[in-house]
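What follows is a set of notes on a single structure, which appears directly below.
Values in this document were obtained by computation on a predicted structure and should not be read as measured data.
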Amino acid sequence: MSGQPLTGPTATVPSIPAAPSVSANEDKGLIDDMYSGVSRGFLTSAMWLDSFFGDERYEAEVNRSQLKVRFEAFREGSGGMEYLRPNFDLRLVLPQLRHQTRLVISGDPNEDVDATSSQPGTPSPQLAKGPEKTVTTALQVVPLETKRSNFSIRAGLKFHSGKLSLLLGPRFRYLVHYGSWDVRYTQEELWTTGIGFQVRTRFDLERPLPNDLFFRTSLEGIWTENVHGYPYALSFLLRQPLDGNRALQYEWVNSFRTRPTNLLTEELLVFRYRQRFWRDWLFLEIAPQARFPRDRGFEYTPGVLFRLEMVFGDIQNIFF
């Protein structure tokens with residue numbers, strides 16, 4: 001690999017081998033050549049699964065250039081299928097600078113969305129309903145990077161709902177091992193014009209389980225300036241790799257808010273099936289979900305997300 005993820009290893013390595021979805025051959029073309037440096041074998045279970053599912057814990061720290069393009073369709077309840085705006089995320093490592101520096105250009109509508117209306121701990125199938133157009137361009141500098149800790153600062157511009165904002169903020173992660181358990185603390189602060197300060201705090205407790213399973217429980221909260229109440233979520237996640245190209249994820253998210261009282265505002269159950277197919281850079285994902293919101297009397301609300309994702313790695317050779 002051209003750059004290893006730095007979310008910190010777990011105690012065991014999966015026994016299943018890393019196998020590409022198709023055998024290498026001479027006529028794969030330029031796109032396959034660009035992706036050839038991505039995911040050369042399984043690392044540790046947490047690291048590989050976070051990278052396979054595109055988890056923020058991996059994406060925020062991996063030191064590798066990549067372009068990700070995503071197409072999604074979402075349906076909830078009795079409503080029709082909603083075809084969402086295509087998302088893109090371009091990350092370029094700038095090797096000429098002294099510290100590790102990345103240029104990040106994101107067209108994801110869920111990237112740095114106003115946290116006054118978002119819920120912590122909510123998985124992407126639920127967040128994917130937002131149709132707002134958001135484009136974020138930022139430089140991310142990483143002055144400290146070890147397996148135990150990671151510290152970065154980013155600064156840039158965000159275009160959201162027709163408004164242009166400045167953004168600036170640090171991110172810090174610290175990892176501690178307790179036998180077969182890992183404890184991860186992540187704190188991210190963000191200041192934007194128009195919203196002010198936002199602080200996202202997350203504690204993860206995780207470990208590998210027998211039969212190549214991986215378990216993680218997370219407690220996450222978001223504080224936003226000039227917003228009453230503190231939304232937080234307690235979630236439980238189980239991941240199951242099937243082979244080098246397929247994996248399952250089961251997630252249970254309990255969302256709360258401190259104001260007016262510490263009430264459970266929603267329960268969410270999500271099942272995700274993700275598969276790499278045809279080419280090493282092409283992913284298909286199906287994620288049915290069951291939502292139980294308080295404002296509907298915790299009535300069962302089904303939904304499903306369909307996602308097609310293309311991830312091209314080692315693209316810095318095109319730009320530099």
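With sequence neighbours excluded, the residues forming a side-chain contact (heavy atoms from CB on, under 4.5 Å) with V199 are Q187, E189, T201, W223, listed by chain and number. Residues that satisfy the ring-ring contact (aromatic ring centres under 6.0 Å, His included) test with Y300, not counting sequence neighbours, are F292. Residues forming a ring-ring contact (aromatic ring centres under 6.0 Å, His included) with F271 (at least two apart in sequence, or on another chain): Y250. Residues passing the side-chain contact (heavy atoms from CB on, under 4.5 Å) test with L164 are L157, F159, sequence neighbours excluded. Remark: F203 engages Y185 in a ring-ring contact (aromatic ring centres under 6.0 Å, His included) (not counting sequence neighbours). Applying the ring-ring contact (aromatic ring centres under 6.0 Å, His included) rule to W252 yields the partners F236; only residues at least two apart in sequence or on another chain are considered.
In this structure, a donor-acceptor pair under 3.5 Å is present between the side chains of R57 and S218.
Between F52 and F283, the ring center distance clears the sub-6.0 Å criterion.
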Starting from the C-alpha separation in whole Å, work towards a yes-or-no answer on side-chain contact (heavy atoms from CB on, under 4.5 Å) for L284 and W278.
-> CA-CA 10 Å; L284 173 67; W278 190 48; over 6 Å; no

Please test Q66 against R91 for side chain to side chain donor-acceptor pair (under 3.5 Å), starting from the C-alpha separation and ending with a verdict.
-> CA-CA 5 Å; Q66 70 174 27; R91 297 172 185 264; over 6 Å; no

Derivation of the salt bridge (charged side-chain N to carboxylate O under 4.0 Å, His left out) call for R216 and D182 | CA-CA 9 Å; R216 172 184 289 149; D182 286 345; over 6 Å; no

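Side chain of R259 to backbone of P231: no donor-acceptor contact under 3.5 angstrom is found.
Each of R173, R200, R154, R202 was scored for a salt bridge (Lys or Arg N to Asp or Glu O under 4.0 Å) with E188, with one residue passing: R154.
Ion pairing between a basic and an acidic side chain is recognised when a charged N comes within 4.0 Å of a carboxylate O; E206 and R184 show such pairing.
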